[in-house]
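What follows is a short report on a single structure.
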Amino acid sequence: MRLIQCHIENFGGLHDTEVEFNSDFHLIREPNGWGKSTLAAFIRVMFFGFEGEGKRSTTENERKRFAPWQGGIYGGQITFETGGRTYTAARIFSDKKANDSFELRDAQTNLTSDDFSENLGEEIFRINGESFARTVFIGQNDCATYATDSINAKIGNITDNLNDLESYEKASAALQNTINKLSPRRKTGRLYKLNDQVTRLQTDVTQHATVEDSIRECMDLETKAKSRLDENRRQQKKLLALSGQAAKAQEQKTKREEYSRLCAACAQTEEAYQKAREKFPGEVLSEEELNSCIDACDEMSRAAEGMRNYALTPEERDQLQSLEQSDDTDKEAAQNQSSTAPGRWIALFVCGIALAAVGLGVFFGVGRAWGWIAVAVVGVILLVIGLVLWQRGGKKAAEETARLQRIERELAASRSERLEMLAEKQRDYRDCQTRYEQEQTYMKEQISRMGLTLNEAPKIQLQEIWRQRVALQSAEAALQDARQKKQEFESENAERDLTTAEDTGNLPSLEDLNGQLTQLTTEEDALRDQADIYDKQLTSLHEAYDAWIEAGERLEETKEERSRTKRQFDQARTALACLTTAKEAMTAKYMEPLMKSFSEYYRILTEVPGGPISTESGGDFAVERFRMDANTNLTVEEYGLQRETDLLSRGWQDLIGLCLRLALVDAMYSDERPFLLLDDPLVNLDEQKREGGRRLMRALAGRYQIIYFTCQEVREI
C-alpha cells in the first residue's frame with residue numbers, strides 16, 4: 001500500500017495544502033510551525049478518525065484541536081493505492097462524528113466505491129487506531145511501543161489464530177475480574193466475605209444457645225417490677241388528694257400575703273410621692289414650661305455676656321461725655337467765625353457812612369460849619385478805605401476761611417465717627433440689659449409659680465428642679481402602678497379570701513406532701529424504666545432466639561454458597577492459567593521472527609566499521625544481550641540481570657522502540673506492506689546513530705513507502 005496524493009482544505013493551521021508523495025521515500029523538510037505534525041495527524045485521521053473525542057480539553061480532543069484556525073471547510077482528500085487499485089477518500093468534519101461526511105471513489109473511474117466503509121484504516125490495515133499509532137505511525141519523542149491485542153491479532157494471521165488472539169484480552173480480563181471478585185484474600189472478594197460471614201454466624205449460634213433460660217428469668221423480673229409500680233401509683237393517688245387540700249390552703253395564705261405586700265407597697269409609694277411633692281410648694285411646671293425657663297436662662301447668660309462685652313470703661317464714658325460737649329461748642333464757634341471775617345470791613349463801611357452823613361447833615365442843616373465838612377470827609381475816607389480793603393483782602397480771607405472750614409469738617413467727622421461708635425456700644429449694652437431684665441423677670445415669675453425663689457445660680461437651680469420633677473413623675477407613676485395592682489388583685493379575689501384564714505386542722509404541709517410525691521414519682525420512674533428495660537430485654541431475647549434459629553439456617557446456606565463460590569474461583573484460576581499458557585504458546589511462535597527483524601534493524605542502526613562498539617567502552621549494547629518475552633516486551637542483560645529498557649536513556653529508548661516497531665510491522669504485514677509515517681524519530685540519537693538511522697531509512701525505502709518529517713537539514717536522510 002502507498003500514498004499518492006493528499007489535499008487539505010482546512011485542518012489546524014494548514015489551508016489549501018496539496019502534497020504529491022514519492023513512491024519510496026518522501027522527505028518533508030520544513031521549519032518549525034509549518035505544520036509537519038499537523039500533516040501527519042491529517043493522514044492518520046483520514047484513515048482512523050480523531051482521538052480523544054470525549055475529552056473536554058482542547059489539547060486532548062483532536063476534533064477541537066485541529067479545527068480550522070481560519071474557518072472554512074474542515075477536512076480534505078487523500079489518494080492511495082491498495083490491492084492493485086487506487087482510491088480517493090474525502091472527509092468533511094463537523095462538530096461531532098455523527099455529523100461528519102465520508103466519500104470513497106475509485107480514482108480511475110471517479111465512481112463511488114463501497115470496497116471500504118468510513119472505518120477505512122481498520123479495514124485496510126486490519127488494526128485499530130491505537131495499534132496504528134504504536135507501529136505504522138511513529139511520532140517524534142514517541143518511539144516506545146508495546147504489542148496490543150489488535151497487534152497480536154494481526155501478527156496471529158501468520159499462524160491462522162486471529163479469532164483466538166482477538167478474544168484473548170477480553171477473555172483474560174473477564175477471568176481476572178471474576179477471580180478478583182471471588183478472591184478469598186481481597187476484602188471486596190466474595191470468598192473473603194463468605195468466610196467472614198461463616199465465622200460470625202458460628203459465633204452467633206454458639207452465643208445464643210442459652211437464650212431460652214434468659215427469657216424465663218427476664219419475664220419473672222418484669223412481673224415483679226410491674227406489681228411494685230401499681231402499688232406506687234395507688235400511694236401517689238392518695239397523696240394527690242391531700243395535696244389538693246393543702247394547695248388550696250396554701251393558695252389562700254399566699255393571696256393574703258400578696259395582698260398585704262400590695263397594701264404596704266401602696267403606702268410606701270404614697271410616702272415617697274408626698275416627699276417628692278414637698279419639693280414643689282406651688283405648681284409643678286410642665287416639661288415645656290421648664291424648657292422655656294431653661295431657654296430664658298440661656299438667654300440671660302447670653303445677655304449678661306453681651307453686657308460684659310458692651311459695657312463702657314470709665315475712660316470711654318469720659319470720652320463720650322467730652323465728645324458730646326465739644327460737639328455743641330464747635331457748632332457755636334463755626335457760627336461766630338463765619339460772621340467775624342467780614343466784620344472789620346463792615347465797621348469801616350458803617351463808620352464812613354455815619355461820619356459822612358453826620359458831617360454833611362450838620363453842615364447843611366445846622367449851619368455851614370466847615371468842621372463838619374471835615375467829619376464828612378473822614379467818613380468818605382473811611383468808606384473808601386473799607387472798599388479798598390474789602391477788594392484786596394476779601395479773596396484771601398475767603399481762601400483762609402475755606403481751609404479752616406475743611407479742617408474743621410475733618411475733625412468734626414473723626415469726632416462724629418468716634419462718638420457714633422461709643423454711642424452704638426452704649427445702645428448695645430442697654431439692649432442686652434433690657435433682654436437680661438426681661439428674661440430675669442420671666443424666670444422669677446415661673447419660679448414663683450412653683451413657690452420658689454430664683455437664686456444667684458439659676459442654671460444649677462433649674463437642673464435641680466428638673467431632677468426633682470423627674471423624681472416626682474417616677475414616684476407618681478410608681479404610686480399609680482401600686483394602686484392599680486392592688487385594685488386588680490382585689491377585683492380578682494373575694495374579700496373573704498384576703499382577710500379570713502381557713503382551719504386546716506392536722507393536714508400535712510404542702511412541702512411534706514410534695515416531698516413524698518417527688519419521692520414516689522422518682523421511684524415510679526425508676527420502676528417504669530426497669531420494666532421498660534425488662535420489656536426491651538425480652539424483645540431483644542425473642543429477637544435473639546429468632547436470630548439463633550435463623551443463624552443456624554443461614555450458616556448452612558452460607559457454607560453451601562462458599563463451597564460453590566470456591567469451585568467457581570478454582571475454575572476461573574484454572575481457566576486463566578490455561579488461557580495464558582495457550583496465548584504464550586501461540587505468541588512464542590512469532591517471537592523468533594520478531595526478534596530476527598529487531599536484530600536486523602538494531603544492527604543497521606548501531607553498526608560501525610569493525611562491528612558494534614562494546615558496552616565496556618561506553619558504546620552500544622550487543623544485540624545478543626536483548627531478550628523478548630511472550631508478550632513482546634524487551635529487556636537487556638546488564639550486570640547479570642535483565643533490565644527494563646525504560647531505565648535506559650531517551651536516545652536508547654527511541655532506538656530500541658523504533659527497531660521493535662519496524663519488527664512488528666514486518667510481522668504484521670507479510671504480503672502488502674503499508675506506508676510508514678515517521679515524524680523525525682531520530683531526533684534524540686547521537687550523530688553516530690543518526691548515520692545508522694540514515695542507513696536504516698535507505699534500507700526500509702526498498703520495502704515500504706516512507707513519509708519522513710524533519711525541520712533541520714542535518715537530519716535529512
Side-chain angles (χ1 to χ4, degrees), residues 125-128 130-132 134-136 138 143-169 171-172 576-607 611-612 614-615 620-638 640-648 652-674 676 681 689 692-693 695-697 699-700 702-704:
F125 294 97
R126 304 296 293 173
I127 55 176
N128 56 25
E130 178 189 9
S131 301
F132 180 82
R134 300 264 68 86
T135 54
V136 178
I138 305 176
C143 293
T145 189
Y146 52 84
T148 65
D149 182 39
S150 180
I151 292 174
N152 284 330
K154 182 62 178 172
I155 297 175
N157 286 334
I158 302 173
T159 58
D160 297 327
N161 288 305
L162 176 59
N163 293 331
D164 291 340
L165 283 171
E166 285 180 341
S167 302
Y168 168 75
E169 291 294 337
S172 176
L576 180 61
C578 294
L579 186 62
T580 302
T581 301
K583 187 260 182 181
E584 291 175 353
M586 185 177 296
T587 55
K589 295 180 180 179
Y590 51 81
M591 284 173 55
E592 183 177 353
L594 276 176
M595 196 61 196
K596 180 179 180 181
S597 294
F598 171 82
S599 300
E600 176 186 354
Y601 294 130
Y602 182 84
R603 289 191 178 95
I604 293 175
L605 271 171
T606 59
E607 68 181 1
S614 65
T615 54
D620 301 334
F621 295 99
V623 70
E624 291 79 11
R625 296 168 64 181
F626 286 92
R627 298 289 185 272
M628 179 180 292
D629 61 21
N631 294 318
T632 67
N633 295 317
L634 279 173
T635 57
V636 60
E637 186 178 344
E638 182 73 2
L641 294 176
Q642 294 187 35
R643 313 288 180 174
E644 299 291 335
T645 57
D646 292 344
L647 301 177
L648 303 178
W652 274 107
Q653 290 182 45
D654 286 357
L655 184 148
I656 295 169
L658 177 61
C659 294
L660 182 57
R661 282 177 182 244
L662 296 174
L664 288 171
V665 174
D666 285 347
M668 292 164 63
Y669 301 98
S670 58
D671 298 330
E672 183 178 13
R673 297 186 180 274
L676 298 178
K689 295 182 179 61
R695 292 194 301 272
L696 178 62
M697 293 302 108
L700 289 173
R703 305 180 190 178
Y704 301 93

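These numbers come from the heavy atoms of this one structure, side chains and all, not from hydrogens, waters or symmetry mates. Note that this is a predicted model, so its numbers are computed, not measured.
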Heavy-atom pair of closest approach, residues Tyr669 and Phe125: OH-O, 2.7 Å
Arg625 side-chain N/O to Glu637 backbone N/O, donor-acceptor pair under 3.5 Å: yes
Separation between CD of Gln653 and CG of Leu634, rounded to the nearest 0.5 Å: 12.5 Å
Note, Leu662 side chain near Leu676 side chain (heavy atom, < 4.5 Å): yes
Separation between OG1 of Thr606 and CZ of Arg695, rounded to the nearest 0.5 Å: 8.5 Å
Heavy-atom check, side chain of Val136 versus side chain of Met668, under 4.5 Å: no
Chi angles and distances behind the side-chain contact (heavy atoms from CB on, under 4.5 Å) call for Tyr601, Leu660: CA-CA 8 Å; Tyr601 294 130; Leu660 182 57; over 6 Å; no
Salt bridge (Lys or Arg N to Asp or Glu O under 4.0 Å) evaluation trace for Arg603 with Glu624: CA-CA 11 Å; Arg603 289 191 178 95; Glu624 291 79 11; 3.5 Å; yes
Arg673 versus Tyr704, closest heavy-atom pair with distance: NH1-OH, 2.6 Å
Stepwise salt bridge (Lys or Arg N to Asp or Glu O under 4.0 Å) test for Asp666 and Lys596: CA-CA 10 Å; Asp666 285 347; Lys596 180 179 180 181; over 6 Å; no
Arg627 side chain reached by Thr635 side chain, heavy atoms, under 4.5 Å: yes
Approximate separation, where rounding is to 0.5 Å, of Leu658 CG and Leu700 CG: 8.0 Å
Point-to-point distance, once rounded to the nearest 0.5 Å, from CG of Asn633 to CD of Gln642: 11.5 Å
Atom pair CG (Leu664) and OG1 (Thr135), whose distance is rounded to the nearest 0.5 Å: 7.0 Å
Evaluation steps, side-chain contact (heavy atoms from CB on, under 4.5 Å), between Trp652 and Lys689: CA-CA 10 Å; Trp652 274 107; Lys689 295 182 179 61; 3.9 Å; yes
Straight-line distance of Ile604 CD1 to Leu696 CG, nearest 0.5 Å: 5.5 Å
Contact summary for Val623 and Met595, nearest pair of heavy atoms: O-CE, 4.4 Å
